[in-house]
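In the text below, chain A, chain B and the rest are named by the order of the sequence lines, each starting its count at 1. Keep in mind that the numbers below use all heavy atoms, side chains included, and drop hydrogens, waters and symmetry copies.
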Amino acid sequence: MPLITGHRIEEAHFYSKLVTRGNFKSFAKSLQGSAIESVSRIGKHIVVKLDRGSLHLHLGMTGKLLWNVEPGNYTRAIFRLDNGTLIYDDIRQFGRVSYSDKLPSAIGRLGPDALAVNFDSFFLSLHKHHCSLKSLLLNQRFVSGIGNIYADEILFAAGIHPKAKASRLLKRRALKLYEEMGRILQTAIEHRGSSISDYVDSNGVKGGFQLLHRVYGKAGGDCERCGAVIKRIVIAQRGTHYCPRCQRP
DNA sequence: CAGATCACCTGCTTGC
DNA sequence: TGCAAGCAGGTGATCT
């Protein structure tokens with residue numbers, strides 16, 4: 001979002017206690033008149049560095065950042081800048097928007113970014129965990145940035161069963177997992193993500209990666225690789241989709 | 001302590 | 001037709 005870098009927040013408005021989780025009147029006051037120095041991403045977190053403090057956003061499930069649109073029923077925050085208006089919409093309010101002079105503790109606990117971690121530390125960390133690979137991929141302290149859809153797609157691409165134990169993964173298989181993790185995430189970014197319900201980017205454009213899903217949401221259908229019927233189970237309270245033939249335990 | 005489970009939300013789908 | 005129950009998932013709190 002380099003669009004907003006170098007610009008000034010003229011005023012901010014917040015409308016949801018759930019999303020801000022704090023005193024949004026003081027947030028709005030602090031943000032007023034501050035200049036945007038940079039925008040960066042850490043895992044699934046967005047950090048907007050200001051000349052004083054920083055703005056932290058997490059889109060949760062249904063959060064959307066929109067540029068120059070009219071506020072709607074689900075608008076939870078509005079930032080009027082000197083070059084346009086940034087709107088934060090969030091139907092389910094699982095997202096978070098806050099202002100602080102230091103980074104939220106959640107960011108400090110994050111593991112290395114899934115697109116930046118090197119294989120050696122990935123492999124080392126893998127062997128410290130005894131849980132299933134599916135739940136480990138979702139664990140932001142292990143690597144950050146992977147959600148439920150991508151965990152399923154990565155495991156399918158790597159041909160690894162979601163219940164496989166992380167600590168027992170052989171190096172060769174771990175390397176495959178590592179490579180597919182990077183490849184799937186990179187491809188998803190190039191397609192601007194997965195629009196499952198109504199997700200759009202800041203220009204209102206839908207993502208296209210959902211067209212490339214090979215197991216997520218495909219339960220009951222045929223595996224494109226081997227023809228077996230895709231299964232759906234629950235791991236870590238999350239719907240988990242996999243091919244029982246391509247992804248052997 | 002690590003891993004598992006629950007709660008928080010709301011729109012959509014399913015089933016009677 | 002209508003309405004209740006179930007489902008979806010990221011994260012933090014709580015439980016085992």
Sugar-phosphate only, base, or nothing, as touched by A/Arg141 at under 4.0 Å among non-hydrogen atoms: nothing
Sugar-phosphate, base or nothing in reach of A/Gly239, heavy atoms under 4.0 Å: sugar-phosphate
Whole angstrom value for the distance that separates C1' of C/dG9 from NE2 of A/His241: 11 Å
Electrostatic pair A/Asp113-A/Arg41, nearest N-O below 4.0 angstrom: yes
A/Lys163 NZ to B/dG3 C1', straight-line distance once rounded to whole Å: 15 Å
side-chain N/O A/Tyr150 vs C/dG9 OP1/OP2, d < 4.0 Å: no
Under-3.5 Å donor-acceptor pair between A/Arg238 side chain and C/dG10 base: yes
Check: A/Asp89 side chain, A/Lys64 main-chain N or O, donor-acceptor pair, under 3.5 Å: no
Distance below 4.0 Å between A/Tyr74 side-chain N/O and B/dG11 OP1 or OP2: yes
Distance, rounded to the nearest Å, where A/Arg92 contributes CZ and C/dC7 contributes C1': 9 Å
Spacing between A/Leu138 atom CG and C/dA8 atom P, to the nearest angstrom: 14 Å
Shared hydrophobic cluster, A/Phe123 / A/Val143 (ILVMFWY, side-chain heavy atoms < 4.5 Å): yes
Over-ring placement of A/Arg173 relative to A/Tyr178, 6.0 Å and 45° cut-offs: no
Sugar-phosphate, base or nothing in reach of A/Ala236, heavy atoms under 4.0 Å: nothing
Whole angstrom value for the distance that separates C1' of C/dT11 from CG of A/Asn139: 11 Å
Gap between atoms CD1 and P, on A/Ile235 and C/dA8 respectively (whole Å): 14 Å
Toward the 5' end of DNA chain B, by each residue's nearest nucleotide, A/Gln237 or A/His129: A/His129
Atom pair distance, as rounded to whole Å: CD in A/Gln140 and P in B/dG3: 15 Å
Electrostatic pair A/Glu179:A/Arg183 at N-O distance under 4.0 angstrom: no
